Amino acid sequence: MLFYSYFKTLVGKEITVDLKNDLSITGTLHSVDQYLNIKLNNIKLANPAKYPHMLSVRNCFIRGSVVRYVQLPPGSVDVELLHDATRREARGG
Amino acid sequence: MDPPLILPPNIDDVPPPGLALVLELDKPLLVQLRDGRKLLGTLRSFDQYANLVLEGTKERIVVGSQYAEVDMGLHIVRGENVVLLGDIDPSLDPPPGLSLVPEAEIRRIQKADKEAERMKGTFRTRFDFLMED
């Protein structure tokens, strides 16, 4: 559950999600669940001209299994905190 | 200010996966499938795999700046084929810059487009040696 917990700390921040079908969507993280399904608000596409049908979409739900990368806002990763959380998880909570 | 600690969640506080879809129930949605198809419909039900029940489904076929819609009725979509579900903003639908054409017309355009793509490919392989500079 480490990454689920980590993504929960990013709610409200702007992230970019790169999908396996080469779509790249930037938006404000609205929610995340344990499958890392992601809900984004106010989305923007990296290449809107190539995907004109997405222009009528403002908010979207992305299935976790189609995500390739998530680009995080700079400075959002506190390595110490993640270390901590990782050790705690490895000890079994 | 200290950043919040990343704590493991209390297992009872973790919502069931896919719960966020509750907010999309009974709304008109655009569903992007893994094979590139786009379905428009009203979400009536779903489960934790994002299996979906869509009512009044239409497939939207977009080629270049033209599109057509094909009525498909009630559909159940297996979750693994779902890429994303988008809320449709009615003021931006159909998307600006796209024009509606009949289904027969879009099929013709689709075919011509595919053919052009194929020709481009074969020309490129045949004349590759000329392209070197």
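These numbers were taken from a predicted model, which means no experiment stands behind them. Values below: all heavy atoms of this structure, side chains included; hydrogens, waters and symmetry mates excluded.
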A.B. asks: Mind running side-chain contact (heavy atoms from CB on, under 4.5 Å) on Leu23(B) and His30(A) for me, showing each step along the way?
C.D. replies: CA-CA 12 Å; Leu23(B) 300 173; His30(A) 172 273; 4.1 Å; yes

A.B. asks: Under a 4.5 Å heavy-atom cut-off, does chain A meet the side chain of Val62(B), its backbone, both or neither?
C.D. replies: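 Side chain only.
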
A.B. asks: Quick test of your reading of the model: are Asp87(B) and Arg58(A) salt-bridged, counting only N-O distances below 4.0 Å?
C.D. replies: no

A.B. asks: Relative to chain B, which segment of Val66(A) carries a heavy atom at a distance below 4.5 Å: side chain, backbone, both, or neither?
C.D. replies: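 Val66(A) touches chain B through side-chain heavy atoms alone.
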
A.B. asks: Just wondering, do Gln48(B) and Tyr35(A) contact through their side chains at under 4.5 Å, heavy atoms?
C.D. replies: yes

A.B. asks: State, with a plain yes or no, whether a side-chain heavy atom of Asp89(B) is found less than 4.5 Å away from one of Ser56(A).
C.D. replies: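 Result no, sub-4.5 Å side-chain heavy-atom pair not found.
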
A.B. asks: Does any heavy atom of chain B fall under 4.5 Å from the side chain of Asn21(A), the backbone, both, or neither of them?
C.D. replies: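 Just the side chain, heavy atoms under 4.5 Å.
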
A.B. asks: Distance check, rounded to the nearest 0.5 Å: Leu55(A) atom CG versus Leu92(B) atom CG?
C.D. replies: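 Separation between the atoms: 8.0 Å.
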
A.B. asks: So what's closer than 4.5 Å to chain A heavy atoms on Tyr67(B): side chain, backbone, both or neither?
C.D. replies: neither

A.B. asks: Hey, does the side chain of Lys39(A) reach the backbone of Ala20(B) with a donor-acceptor pair shorter than 3.5 angstrom?
C.D. replies: yes

A.B. asks: Count the heavy atoms belonging to other residues, nucleotides or ligands that lie under 6.0 Å from OH of Tyr49(B), then report whether that count exceeds 12.
C.D. replies: no

A.B. asks: Applying side-chain contact (heavy atoms from CB on, under 4.5 Å) to Lys20(A) and Arg34(B), what does each step give before you reach the verdict?
C.D. replies: CA-CA 9 Å; Lys20(A) 291 181 189 168; Arg34(B) 266 192 325 178; over 6 Å; no

A.B. asks: Let me know if Ile38(A) has heavy atoms under 4.5 Å from chain B in its side chain, its backbone, both or neither.
C.D. replies: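 Interface part for Ile38(A): neither.
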
A.B. asks: Side chain, backbone, both or neither: which part of Ile11(B) has an atom under 4.5 Å from a heavy atom of chain A?
C.D. replies: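 Just its side chain gets close to chain A.
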
A.B. asks: Measuring heavy-atom distances to chain A, does Ile88(B) have an atom under 4.5 Å in its side chain, in its backbone, in both, or in neither?
C.D. replies: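 Its backbone and side chain both get close to chain A.
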
A.B. asks: Does a sphere of radius 6.0 Å around NZ in Lys27(B) hold more than 12 heavy atoms from other residues, nucleotides or ligands, not counting ones at 6.0 Å or beyond?
C.D. replies: yes

A.B. asks: Measure distances from Leu85(B) to the heavy atoms of chain A and classify the residue's part below 4.5 Å as side chain, backbone, both or neither.
C.D. replies: both

A.B. asks: Apply the side-chain contact (heavy atoms from CB on, under 4.5 Å) test between Arg63(A) and each candidate in Leu84(B), Val82(B), Val83(B); give the one that qualifies.
C.D. replies: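 That would be Val82(B); it is the only one of Leu84(B), Val82(B), Val83(B) passing the side-chain contact (heavy atoms from CB on, under 4.5 Å) with Arg63(A).
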
